[in-house]
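The block underneath contains the structure these notes are about, expressed in structure tokens.
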Number of protein chains: 4
Amino acid sequence: MSADLRIAVVGCGYWGPNLVRNFAATPGIKVACVCDLEPSRLEDIARRFSVGRTTTSIDDVLGDRAIDAVALATPVATHRSLGEAALRAGKHLWVEKPLAGSVADAEALVAVARERDRCLFVDHTFIYTPAVQKMRELVARGELGDVLYFDSVRVNLGLFQADANVLWDLGPHDLSIAHYVLGRRPRTVSAIGVRHVDGTHENMAYLTLQYDDSLIAHFHLNWLAPVKIRLTLIGGTRRMLVWDDIQTVEKLKVYDKGINVARAEAPDLESRRRTLISYRTGDMWSPQLDQTEALSLAARDFACAIAERRAPTSDGEAGLDVVRALAAGQRSLDSAGVPVPI
Amino acid sequence: MSADLRIAVVGCGYWGPNLVRNFAATPGIKVACVCDLEPSRLEDIARRFSVGRTTTSIDDVLGDRAIDAVALATPVATHRSLGEAALRAGKHLWVEKPLAGSVADAEALVAVARERDRCLFVDHTFIYTPAVQKMRELVARGELGDVLYFDSVRVNLGLFQADANVLWDLGPHDLSIAHYVLGRRPRTVSAIGVRHVDGTHENMAYLTLQYDDSLIAHFHLNWLAPVKIRLTLIGGTRRMLVWDDIQTVEKLKVYDKGINVARAEAPDLESRRRTLISYRTGDMWSPQLDQTEALSLAARDFACAIAERRAPTSDGEAGLDVVRALAAGQRSLDSAGVPVPI
Amino acid sequence: MSADLRIAVVGCGYWGPNLVRNFAATPGIKVACVCDLEPSRLEDIARRFSVGRTTTSIDDVLGDRAIDAVALATPVATHRSLGEAALRAGKHLWVEKPLAGSVADAEALVAVARERDRCLFVDHTFIYTPAVQKMRELVARGELGDVLYFDSVRVNLGLFQADANVLWDLGPHDLSIAHYVLGRRPRTVSAIGVRHVDGTHENMAYLTLQYDDSLIAHFHLNWLAPVKIRLTLIGGTRRMLVWDDIQTVEKLKVYDKGINVARAEAPDLESRRRTLISYRTGDMWSPQLDQTEALSLAARDFACAIAERRAPTSDGEAGLDVVRALAAGQRSLDSAGVPVPI
Amino acid sequence: MSADLRIAVVGCGYWGPNLVRNFAATPGIKVACVCDLEPSRLEDIARRFSVGRTTTSIDDVLGDRAIDAVALATPVATHRSLGEAALRAGKHLWVEKPLAGSVADAEALVAVARERDRCLFVDHTFIYTPAVQKMRELVARGELGDVLYFDSVRVNLGLFQADANVLWDLGPHDLSIAHYVLGRRPRTVSAIGVRHVDGTHENMAYLTLQYDDSLIAHFHLNWLAPVKIRLTLIGGTRRMLVWDDIQTVEKLKVYDKGINVARAEAPDLESRRRTLISYRTGDMWSPQLDQTEALSLAARDFACAIAERRAPTSDGEAGLDVVRALAAGQRSLDSAGVPVPI
């Protein structure tokens, strides 16, 4: 029987307390330490949750032999340096998305984790949601037929980030989901963005991925919308689906809808080019989904991956692929939407 | 007191019967004649509605001195030739959207109408919907502050058109709405489209309009979606709104939400660049909207414009502007999304 | 080959024009005449629809040998006298719901129709909606298991009727639906109602039907609600369903949900009374429904029933059963909710 | 400056852990002890939250001088005995709803709390939700005019309770809300209920409250529904509102809708009885609501009430009024719906 994984959570801003709450509730994980530069945040955490101890010193964390893993919920710019230090100190590493702010930094983290044989986990929480798991399963089993497009809208009145634009803030969600569900990587990325407030980053962007065939993926990312929308459409030749993540029930709906293409058998060229399209509009089906919080499932995968000495679903490579797409998107955004190959 | 406007409806496919039904129900208009090449369609119309007479001959219509106006619900490719003939025969002209399939054809129709002093009406029905009227009013009165973006999704499992791609089929709706509501015209148009069935036209497209300042408009147009969505977001510095045209009530919601930007008064450059952003999340307000069918309001505007010898709201110039944007969008679509100036 | 059914529509208030529009659009039916006391209403109808002729005289209608059937869209108080006159004049009869204002009047109409061998149709339009047809089919096939309850909410800001309370105005919809879907008739009816405006009728009522077993049906009827709700839940031992008639799509949803009851095999009485209940929460399924307007399907059933000399689905007996339940409900309402046997 | 309120949570089934989580997160409260008969539940709580200590002995809790208050999340049948013991031990008392299983028990708890001068709080969490607070404010300020009706639907596929029927399980929510929002108490209660599983309690019930005037309140309570609905309508002479608690945003909508009643000034009796009703259908307005969890606001009110030596909003009297209505409802339910005076 294996002992609990003793984890230290570093950073108690917006995301850190969610990590503490979920790690504390996950069998097999023990929150051994919480670290933040701000003592008042540590006090608040300690008052609410059962955490081993708190500290304002990252060195204190890294030097503690009793800590098996470090979870970084710190600004992106710190991911490489803190992450490398943790890996080199022998800790397994959980990193808030995105893995890093550049391809070089992301590659370095992947390389160090491999060299030190430590588990590197990127917190793309969404791929652990039961809806995303089900979509991947439907695509992989061919239930949708050939996938034709993936369209996502992720907008809200969100926090203008000081250290990232909306592409780097919201893009990791949709890119990790698209990569995971489609099981493919795009050939080119293009992006158009706007900054509506001088001195800030782009607060809305449209991101388009093109693949080797006619598959297309498109994301609307927006921090300045009056309502929260998280809506994904996937069109296939056999079926189509809608994932409405704002709904509390029936988040995923699968439609037996589509087109049938019949090609006339005809002697002349003109006739053969004539295509007859008919529509199928059948029933809708909404699979029952597990209600477990995705972050809890992510925590379990991290702990199990370490115990079983396997890669987690959301590993360093997955995180690196997302950073590559973000970096290409940023170059396109900086050049008025020219498609940039990955 | 003026006599009824005697109108002939030409074309009884999908849209023509709607014209007949609404014209017949509009005080001041009389459906004097219905014309189609297919006698069975004429029989069906005559069985249901009170129409003066039916004919399979367009010349019969054009030569009838008792007919004041012609409404074309025929394929786009016929708009210029039939429209010019009607105008030259002295008829006022109602044309189904888009006005024409090319800028040249649209310009020709506008020129002939002006030369013959006839009313040229383009059936951009949506701009007569009470929601669109209200949005224009809110923008014009400055209720939204500076408009930052206009985002629209118009998708459905729709009819693959034989003579047009999705841009020319659905684009006229959103372009006419954006032109009307914003009261401005874009500087460049870019478009990305995909055809998923060989031998057909593009069945989905993303269209982006950029303006002289940071205003951006973006449309998702799709014939191959599992659900019908018609959702428009408009973001402004003071308020933002959502128009959900699929809803039967509360289609338009205005949010007292946005960001406040405070700029520190500071001596050094670095400090002056610091921007403080705070959020406003206030109440939502949904104005009561008139329930009248938009096509009926359009019919009244057409009849009144003729009676009052004024231009209708949706006149030839409005129709030409939409065709210009469509033509630019098509060029962008043909060159992988390069922005094309209008 | 049978000739068209020549029908006269009597009464052009709220419902009459809908009858004219649908009859005119139904193959096999011809609107031969429209009758109303108000000439301006007749003019309006004649301007819009293809109707044979108009008249302000009911005797003119009844005496016209060329008229096969009469459709009454007149106040309830006139149904018996006008209906009997039409039947005795040899016409088939279509009557707007409810069939009559009393059980005696309804029985009289049923008796005269039988005696004269004419078709008597009661316009319970809702039972022709595809959703109601599907619900009846699901219940009849046992897909829901034993039906446990039927709960309906039908509220709106509606027209305060001068000649009826909300029970007689809205109740016929739900009673006809419940009778048709459940295929059973209740044993007792109880009703509680309130009149909020002096000098008017009850504007809201709660109606409860109890059956021979534990089945219960309950309706909330309300003319004074801020929103329009038409929501029906049916619970069964195997499955449950929701019919949301306000939705434009996915009106009917069938849930693979319910409870499983296991009874412990135990020697003593106390143990045998222990019941183990577990929950099933499976998928949801929304069947594709026909989009045809229900009134059009009702018109076809009326025409076909006459042609085939069979009873229509919504025949006089069905109408009489609804009036019996309404009359019992009224007695309960007048005595503060005491259950009244039917 | 006052010290933290040291609270012991007794009972860690469904509701207890929510109390622990919210008390732990509330400034001014410290979870000093958690008590349950089941050690494994205590271990789970201690692993997740910062709790002083755990115990399986209630006497241990009651005898601990360092504990200021006891929160009971135990079966209703235990409320009186455990609650009285806690009050007599000098503890302030928080009791999960309903306060007790009988009027006598509820009265006893209120009496002992008064005698011992301890704070008695009944956990009617819903009255602390910002939507309910806003509704009470709108009613109290006369924004709705005279309130005409209160209609609520609270259904779900819920846990069949072993020790209570659906009236006692779900009824306390709606009764406490109606009492609080309306600021009035009903004159009579009637209830119809059904038990669909032998050997269990009623799993659905319709509860009606009648007041001294034409105000009526009605609740649909159901454990066996396929979907979760929590929808309340309140109709007033000036405005009406809808509270849809399932929505994550725009839970509360206020409609400027209603009827205007004009009474003809006329010489004869008949004319004076004629009433002219016209409709107002104006805008809808959805006030921005605080997002704080209601249980957290309840916890603060409990702590503040003790510190300020005042009664909390949800005090023993409020809890007793709910039990009185439940008991009357139960008598009505047992006699087929006969109205029972309170």
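Letters A, B, ... are given to chains in the order of the sequence lines, protein chains preceding strands, and every chain is numbered from 1.
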Report task. Hey, could you give me each pair passing side chain to side chain donor-acceptor pair (under 3.5 Å) that has a residue in residues 330-342 of chain C? Not counting sequence neighbours. Result ->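 Residue pairs with at least one partner in residues 330-342 of chain C: N165(C)-Q330(C), W168(C)-Q330(C), Q330(C)-D334(C).
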
Heavy-atom distance under 4.5 Å to chain C: side chain of [X], backbone, both or neither?
X	result
L231(D)	side chain
N222(D)	side chain
S190(D)	side chain
S214(D)	both
M204(D)	side chain
I216(D)	side chain

Kindly compute the distance separating [atom1] ([X]) from [atom2] ([Y]), expressed to the nearest 0.5 Å.
X	Y	atom1	atom2	result
M240(C)	L224(D)	CE	CG	5.0 Å
Q210(C)	I192(D)	CD	CD1	5.5 Å
K257(D)	L157(C)	NZ	CG	6.5 Å
I229(C)	L233(D)	CD1	CG	5.0 Å

Query raised in the report: Given P226(D), which of V242(C), T281(C), V254(C), I234(C) fulfils the side-chain contact (heavy atoms from CB on, under 4.5 Å) condition?
Result: V242(C)

Query raised in the report: Considering all heavy atoms of both residues, which atom of P339(D) and which atom of A336(C) are nearest to each other, and what is their separation?
Result: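 Nearest pair, atom of P339(D) first, then A336(C): CG-O, 4.2 Å.
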
Requested in this report: Sequence neighbours left out, what passes salt bridge (charged side-chain N to carboxylate O under 4.0 Å, His left out) with D151(C)? Give chain and number order.
Outcome: none

Query raised in the report: Is it true that atom CG of L37(C) has more than 12 heavy atoms of other residues, nucleotides or ligands lying nearer than 6.0 Å?
Result: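 Counting neighbours around CG of L37(C), 12 or fewer heavy atoms of other residues, nucleotides or ligands fall under 6.0 Å, so no.
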
Requested in this report: Report yes if the side chains of Y149(C) and V194(D) come closer than 4.5 Å at any heavy-atom pair, otherwise no.
Outcome: no

Query - Between G337(D), G235(D), A225(D), the one whose heavy-atom pairs under 4.5 Å with chain C are most numerous - result: A225(D)

Requested in this report: Counting only heavy atoms closer than 4.5 Å, note whether R239(C) contacts chain D via side chain, backbone, both or neither.
Outcome: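 When you check distances to chain D, no heavy atom of R239(C) falls under 4.5 Å.
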
Report task. Check the angle between the aromatic planes of H218(C) and Y206(D) and answer parallel, tilted or perpendicular using the 30° and 60° thresholds. Result -> parallel

Report task. Anything in residues 134-143 of chain D with a heavy-atom distance to chain C below 4.5 Å? Please list those residues in order. Result -> none

**Report entry** Pairs involving residues 175-184 of chain D, ordered by first then second residue, that meet salt bridge (Lys or Arg N to Asp or Glu O under 4.0 Å) (sequence neighbours left out)
**Finding:**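 Listed once each, the pairs are R184(D)-D213(D).
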
